[in-house]
Structure formats: C-alpha cells, structure tokens
There are 2 protein chains.
Amino acid sequence: MLGIDQIELDNFQRLLPETELLLRAAVREKAVDRRQDILCQGDTPQVTHLLLSGHTFRYRLLANGRRQITAILVPGDLCDLEAAMLGRANYGVMTLTYCSLAEIPCKRIIEQSINDRALLRLLLRRQLRDEAITREWLVGLGQRTSVERLGHLFCELWVRLNAVGLATADSFEMRITQVELAEAMGITAVHLSRVLREMRGAGLIRLSGGTLTILNRTELERLSGFEANYLQVS
Amino acid sequence: MLGIDQIELDNFQRLLPETELLLRAAVREKAVDRRQDILCQGDTPQVTHLLLSGHTFRYRLLANGRRQITAILVPGDLCDLEAAMLGRANYGVMTLTYCSLAEIPCKRIIEQSINDRALLRLLLRRQLRDEAITREWLVGLGQRTSVERLGHLFCELWVRLNAVGLATADSFEMRITQVELAEAMGITAVHLSRVLREMRGAGLIRLSGGTLTILNRTELERLSGFEANYLQVS
DNA sequence: CGCACAGTTGACGCACATCAACCTGGGTGG
DNA sequence: CCACCCAGGTTGATGTGCGTCAACTGTGCG
C-alpha cells in the first residue's frame, strides 16, 4: 500500500477535503496521454480511477457505430466506480487531455467498503451527484434545443471546475474537439459548428486555443435554463 | 418503529431478499391513488418511498412548461433516494397507478446509514444500477431513433418486471398514457402514436387495456439494440 | 512541401414538431 | 336509458431543426 503520501498533490490542492478518503485507498499515480482509453467498454477492470488532473469522458459505443458521450469528468471525479463495483463495464472512459490518475484496485475498494462506513457514505454521495448530472443531461437531450443544451453544458462545467479551483471568473480550459462535443450533445459535428457560430455571434462565448470564455454568464444561464442546485454536493 | 412485520407482503413476495433491509427501516405502508405526486419538484421531503406495488415515474419540469420523465419505477425500486439523502428535490415523483408505498423517514435512513454498513452497501448498489438505467435512457435520447428508443424501453421494462415476478413470458401491465410515454421518450404524443402504429404494424407488439404484449422479443431486442446486462444487480 | 486532422460552409433531405380536425369509449347526470 | 361530455388517442397537412453529403479552408507537423 502506498496511499496518499506518495501521490503528488500540487495539481489538485483544492479538491474537496473528503476526497482524501479515496486517496488513502489508492496504490499509485499514473500519467496518461491524451485520447487514451483508461477503461474499454466490455472490459472487466482491475482498478478504478480517481482523476487528479486533466479531463476525461465516459462514452458508450452502439452496435451501429455511433457513440454517445455520457459524462465529462474533471479533477476530483471518480471515472469508473460502477464498473469497479459491479465488475463489468458497458461504457468506456477516455482521456481528453494529458491526465494524472490515482489508481485504486477494485478489490481494495470493495473490501474496504465492507467495513469503512465513511468511505461508503462518500461513495454513495458521489454516486447520487453523478446520477443528478446524468439526469440533467438526459433532460437536456429530451427537452432542450441544441443551443440550450450546449449553453447548459458550459454553465455546468464552469461551476464544477470553479468548485475545484480550475476556472477563472469567466473562463476555463476545455480541450475537446467539436466531434466529441457533438457526441456529448447528441448532434452532428456539422450542426455543432453552426450552434457555436450562433453563440459566438450572440456575444455569449468565445472559444479559442482550448479555452472557453463565457462573455455573459447571466444571459447564458437564462437562455439555457441552468440552475446550479443539482451540482451541490452537500 | 413499525418495521417489516406490519407491512403486507403479498403483493411483492418476489422482491429481492435484500430489500428486506429497507423494509426494516420503514415506518408505515401508504396507499396512493393514481396520478398523485408523492414528491413535488422543489419540496424538501421528510420521507422517502420504497415502491411495493404499482408503478410510478420521476419527472423534471422545465421553466418553458415542458416535462421530461426521467425514470419509470416498478415494485422494489426506491423512488426518491437522492431527494431524501441530499434534502432537496429538483425532480418530482408521481404515481401511474394505484400504488402501495413503504414510507421511510429521511432522518432514519440518514441516521441508520451512518452505522449500518449493509444498508449503505445496498443503497450504493441500488444507486449504481439506477444511474446505469438513467445512462441508458440518455444514450437512447442522444443516438437512437424514436422506434428504437420505444422498443428499448419495452425490453427494459419486461426484464425489470420479470425480475420481480410481474411479467408473463411475453407481456406485462403498463397503465401509462401516450402523453406520458412521449414525455419519457422525448417526443410528442402525436409522433408517439405513429411510432406505436408502426410497431403494431410490424407485428412487434400489441398494446390494449393497459397490457403490453411483446409478440417477438428477439426481433424487438435486435431492432432496438437492447442488451440486458446493465440491469443486472450483482 | 505535403499530408492529416479539425473546422466551416452550402445544398438538400428526413425525422419529428406543430396545428387542427376528428374519432372513440367510458363515465356522469338529467 | 339516453344525451352529453371529455380525456385519450388517431390522422392529415405543413413547417423546421437537424442530418447527410460533399467540397473547401485553415493549421500544425514530419
């Protein structure tokens, strides 16, 4: 067991304090290049990953070749708890950027969660929040236009990144291609490009060099029907 | 404390054995008429509900008046764990039919889950499965046509109801209006009606008198890309 | 220089939305 | 017991958001 002491904490000093519980279960830190699978759909994983720096996403591949991105993960997030706990993965996880990940063996998290009530409570809370975010994406895909959906995503990411100290007052890093953004929004890359043009034209955002700037957050939140309460952890 | 002994078990004898843990925390059984809210969006709930018989659904109301149904719940399911644990509800839960519900005070489930590791593990597992279902709906809304989506829902409901002994070899009760089905599928009721006609015409299903019959399950699963593995609890 | 990848634009088509009329069966009250 | 009502469902006509296909541009890199 290595545990928290061996892990370089500089990149994520502002992660929530409770995250320490997870770090204690970790055995090592791993660096992964961008656009690498850290979990392949269909695999039986041996370790689960806590994201320390960089961004990843969950996705699901369909038989017809289409792909739906189901979550974007930021530092502090558990990438693949379900796969670890249930021993099967019907989704994959891939890095968007160069990432640092804490590896926690599935065995250990399962064994430890038999006795460690604090860990169990933490996992349950994380999982409740994770589903709240998934549900919000579902609502967007079902009822919001693509402009609203994209605006909503930008607002959500800003709040989540800001909570871990990775956003400025009006911007954050977002190294994602339009193809991937489109796969998250359930639209084509061609249409996404037009949606972005519209939002730029309306003076709502600027997106260049991997940085998204929200020029008018109040207006963007209003337009996309964003309410941050589902993101609160407590 | 009443607990499991006072609750009538006839209607749900085939619920998973572990559900007993939840029943022990319940204080009373409540009967609710159809189309009643058991949790209103925005409320701060005092109790959480375990569904014993009947069907309910979760929904989210948007500012523009639209509604997205985010889950359909069947006997054995926890209707509103997130609202209970986090103390706020940004979704509502409504009955589809006459329902019997076990009420568990939020206080008790929170207090009990501080010490009861078995309960915590159960809640975590339920929550993992709940998100797996939500994620599958999300994938459908993002990447599947409305025919595939509806077929997928029918396959899912059959598996879930069959698991608790509430389906025959090829049918189950489904007392839901087309407006509600449409709100779950993210389409209009008009279009849903046409989708149903198409599926009936293709000899895939029959829907009458609140009973859905799947005439060709193999074909329906193939057509909608259904794979049941995400529904397994273990 | 030339290739590969990401993004943009235009033309056209389709899945689904919208609006409106109409049908149907079960429940209610006179 | 019939007249009426009304929620739920069906159908047709027309509109639109987004998909598809294809060509083109910009940019970084070997």
A.B. asks: Quick one: A:R149 CZ to D:dG17 P, roughly how many Å, whole number?
C.D. replies: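 My rounded result for the distance is 13 Å.
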A.B. asks: Could you tell me whether A:R34 atom CZ has more than 12 heavy atoms of other residues or ligands within 6.0 Å of it?
C.D. replies: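 No - once you tally the heavy atoms of other residues, nucleotides and ligands closer than 6.0 Å, there are 12 at most.
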A.B. asks: For A:R200 and C:dT8, is the shortest distance between a side-chain N/O and OP1 or OP2 below 4.0 Å?
C.D. replies: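 Indeed, a polar side-chain atom of A:R200 lies that close.
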A.B. asks: Give the minimum heavy-atom separation between A:Y91 and A:L39, together with the two atoms involved.
C.D. replies: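 Nearest pair, atom of A:Y91 first, then A:L39: O-CD2, 3.8 Å.
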A.B. asks: Please report, rounded to the nearest Å, how far the P atom of D:dG19 is from the CG atom of A:L192.
C.D. replies: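 Checked: the CG to P distance equals 10 Å.
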A.B. asks: Could you tell me whether a side-chain N or O of A:R60 sits under 3.5 Å from a main-chain N or O of A:I69, the two making a donor and an acceptor?
C.D. replies: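 Checking the backbone N and O of A:I69 against the side chain of A:R60, no donor-acceptor pair under 3.5 Å is found.
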A.B. asks: Check the side chains of B:Q127 and A:Q127 for a donor-acceptor pair under 3.5 angstrom, ignoring hydrogens and angles.
C.D. replies: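 Absent: no donor and acceptor within the cut-off.
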A.B. asks: Please tabulate, one pair per line, each protein N/O and nucleotide N/O from nucleotides 4-6 of chain C that are separated by under 3.5 Å, including the distance.
C.D. replies:
none

A.B. asks: By the 4.0 Å heavy-atom rule, please label B:G209 as base, sugar-phosphate, or nothing.
C.D. replies: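 Contact class for B:G209: none.
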A.B. asks: Starting at CG of B:L196 and ending at P of D:dG8, how long is that distance when rounded to a whole Å?
C.D. replies: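 My rounded result for the distance is 16 Å.
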A.B. asks: Can you tell me which residue pairs pass the side chain to side chain donor-acceptor pair (under 3.5 Å) test with a partner in residues 204-215 of chain A, sequence neighbours excluded?
C.D. replies: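 Residue pairs with at least one partner in residues 204-215 of chain A: there are none.
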A.B. asks: Starting at CG of A:L141 and ending at P of D:dC18, how long is that distance when rounded to a whole Å?
C.D. replies: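 The answer, rounded to whole Å, is 11 Å.
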A.B. asks: List the steps, then state whether side-chain contact (heavy atoms from CB on, under 4.5 Å) holds for B:L157 with B:L153.
C.D. replies: CA-CA 6 Å; B:L157 286 177; B:L153 177 70; 4.1 Å; yes
A.B. asks: If you look at every heavy atom in A:T56 and A:C99, which pair is closest and at what distance?
C.D. replies: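 Shortest heavy-atom contact: CG2-SG, 3.7 Å.
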A.B. asks: Among A:E156, A:M174, A:H55, A:E173, find the residue that satisfies the side-chain contact (heavy atoms from CB on, under 4.5 Å) test when tested with A:L161.
C.D. replies: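 Only one option passes, and that is A:H55.
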A.B. asks: Distance check needed: C:dA15 P versus B:E148 CD, whole Å only.
C.D. replies: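 Rounded to the whole Å, the gap is 12 Å.
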A.B. asks: Among side-chain atoms of B:R126 and B:T19, is any donor-acceptor pair under 3.5 angstrom?
C.D. replies: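 Note: B:R126 and B:T19 side chains meet the donor-acceptor criterion.
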A.B. asks: May I have the distance from A:R144 (atom CZ) to D:dC18 (atom P), rounded to whole angstrom?
C.D. replies: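 Atom CZ in A:R144 sits about 14 Å away from atom P in D:dC18.
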A.B. asks: Check A:D77 with A:R58, please: is the shortest side-chain N to carboxylate O separation under 4.0 Å?
C.D. replies: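 Salt bridge flag = no for A:D77 with A:R58.
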A.B. asks: Please encode protein proximity along nucleotides 20-30 of chain D as a string of B, S and -, counting only heavy-atom distances under 4.0 Å.
C.D. replies: BB---------
A.B. asks: Below 3.5 Å is the cut-off: list the nitrogen or oxygen pairs between protein and nucleotides 22-27 of chain C, distance only.
C.D. replies:
none

A.B. asks: Do side-chain atoms of A:R66 reach the backbone of B:Q143 as a donor and acceptor pair under 3.5 angstrom?
C.D. replies: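 Yes, because the side chain of A:R66 sits within donor-acceptor range (under 3.5 Å) of the backbone of B:Q143.
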A.B. asks: Can you tell me the distance, in whole Å, between the CG atom of B:L207 and the C1' atom of D:dT10?
C.D. replies: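 Rounded to whole Å, this separation is 14 Å.
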A.B. asks: Taking the axis from the first five pairs and the axis from the last five, what angle separates them in the helix from C:dC1-D:dG30 to C:dG30-D:dC1, rounded to 10 degrees?
C.D. replies: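 It works out to 30° between the end axes.
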A.B. asks: Can you say whether the rings of A:F226 and A:Y230 are parallel (under 30°), tilted (30 to 60°) or perpendicular (over 60°)?
C.D. replies: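 Aromatic pair A:F226/A:Y230 classed perpendicular.
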A.B. asks: Looking at every heavy atom in both B:R175 and B:G210, which two are closest together, and how far apart are they?
C.D. replies: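 Nearest heavy atoms, B:R175 then B:G210: NH1-CA, 3.7 Å.
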A.B. asks: Name all pairs fulfilling the salt bridge (charged side-chain N to carboxylate O under 4.0 Å, His left out) condition that reach into residues 140-155 of chain A, sequence neighbours left out, sorted by first residue then second.
C.D. replies: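 Every salt bridge (charged side-chain N to carboxylate O under 4.0 Å, His left out) pair that includes a residue of residues 140-155 of chain A, provided the two are not neighbours, is A:E136-A:R144.
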A.B. asks: Could you give the CZ-to-C1' distance, from B:R175 to D:dG9, as a whole number of Å?
C.D. replies: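 Value for this atom pair: 16 Å.
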